[in-house]
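Only heavy atoms go into these numbers, but all of them, side chains included; no hydrogens, no water, no symmetry mates.
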Amino acid sequence: QVQLLESGGGLVQAGGSLRLSCAASELTFSGYTMGWFRQALGKEREFVAAISWSGGVTYYADSMKGRSTISRDNAENTVYLQMVSLKPEDTAVYYCAAKHFTSYYIDSRQARGYNYWGQGTQVTVSS
């Protein structure tokens, strides 16, 4: 059973920061692009950020550019999302996902390319 476990979510005031973590098991972590998606209540799931299997290429949603940094530690099978200058509109459940490198032809901003998903962690930003 492949498992992705998110942590680090919580309640933060506008302008604050959070660091989300995603720990993976039962996979060769270095062979996967890792991504973060989020879903607000009543809204569709949307892309947040992604990092290639090598860590050499990163992608960010326009709304998160300059406010987030995605990184990974393959030795620890963990991917991180550091978010700063948080806004109330960032409130959502944040999901970690893994995309095998054989799906390279699918844009890493698209959820359909990801094989495995975590259960999500709630981020709430108060005004």
From [atom1] ([X]) to [atom2] ([Y]), nearest 0.5 Å:
X: Leu18; Y: Ser68; atom1: CG; atom2: OG; value: 12.5 Å
X: Ser63; Y: Glu89; atom1: OG; atom2: CD; value: 9.0 Å
X: Leu20; Y: Glu6; atom1: CG; atom2: CD; value: 8.5 Å
X: Thr33; Y: Asp107; atom1: OG1; atom2: CG; value: 10.5 Å
X: Leu81; Y: Cys22; atom1: CG; atom2: SG; value: 10.5 Å
X: Ser25; Y: Leu4; atom1: OG; atom2: CG; value: 7.5 Å

Exercise for review: Could you list all the ring pair (Phe, Tyr, Trp, His ring centres under 6.0 Å) pairs where at least one residue sits in residues 35-74, not counting sequence neighbours?
Suggested key: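 Every ring pair (Phe, Tyr, Trp, His ring centres under 6.0 Å) pair that includes a residue of residues 35-74, provided the two are not neighbours, is Phe37-Phe47, Phe37-Tyr114, Phe37-Trp117.
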Exercise for review: Mind telling me whether Tyr32 and His100 have parallel, tilted or perpendicular rings, with 30° and 60° as the class edges?
Suggested key: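 His100 vs Tyr32 ring planes: perpendicular.
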Taking all non-hydrogen atoms of both residues, which atom of [X] and which atom of [Y] are closest, and how far apart?
X: Ser127; Y: Pro88; result: CB-CG, 3.9 Å
X: Ala98; Y: Met34; result: CB-SD, 3.6 Å
X: Val125; Y: Thr91; result: N-OG1, 2.9 Å

Review point. Cation-pi between Arg72 and Tyr80: NZ/CZ under 6.0 Å from ring centre and within 45° of the ring axis?
Key: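 Output no; distance or angle outside limits.
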Check your understanding: Heavy-atom count around Gln119 CD within 6.0 Å, excluding the residue itself: above 12?
Key ->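 No, CD of Gln119 has 12 or fewer neighbouring heavy atoms, counting only those of other groups under 6.0 Å.
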Practice item. Report the C-alpha distance between Val79 and Ile51 in whole Å, list the side-chain angles of each, state the deciding distance to 0.1 Å, and finish with yes or no for side-chain contact (heavy atoms from CB on, under 4.5 Å). Key: CA-CA 9 Å; Val79 63; Ile51 185 167; 4.1 Å; yes
Tell me whether [X] contacts the main-chain N or O of [Y] through its side chain, where contact means a donor paired with an acceptor under 3.5 Å.
X: Arg19; Y: Gln82; value: no
X: Ser103; Y: Lys99; value: no
X: Thr78; Y: Glu76; value: yes

Review point. Taking the side chain as C-beta and beyond, is there a heavy-atom pair between Gln13 and Leu86 under 4.5 Å?
Key: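 Gln13 does not reach Leu86 side chain to side chain.
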Check your understanding: What's the verdict on side-chain contact (heavy atoms from CB on, under 4.5 Å) for Leu5 and Gln3, showing C-alpha distance, side-chain angles and the deciding distance?
Key -> CA-CA 6 Å; Leu5 181 61; Gln3 292 185 335; over 6 Å; no
Review point. Given Arg38 and Lys43, is the side-chain contact (heavy atoms from CB on, under 4.5 Å) satisfied, shown in steps?
Key: CA-CA 9 Å; Arg38 69 187 184 187; Lys43 303 293 182 64; over 6 Å; no
Point to revise | Sidechain N-carboxylate O distance under 4.0 Å for Asp62, Lys65 | key: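 So Asp62 pairs with Lys65 through a salt bridge.
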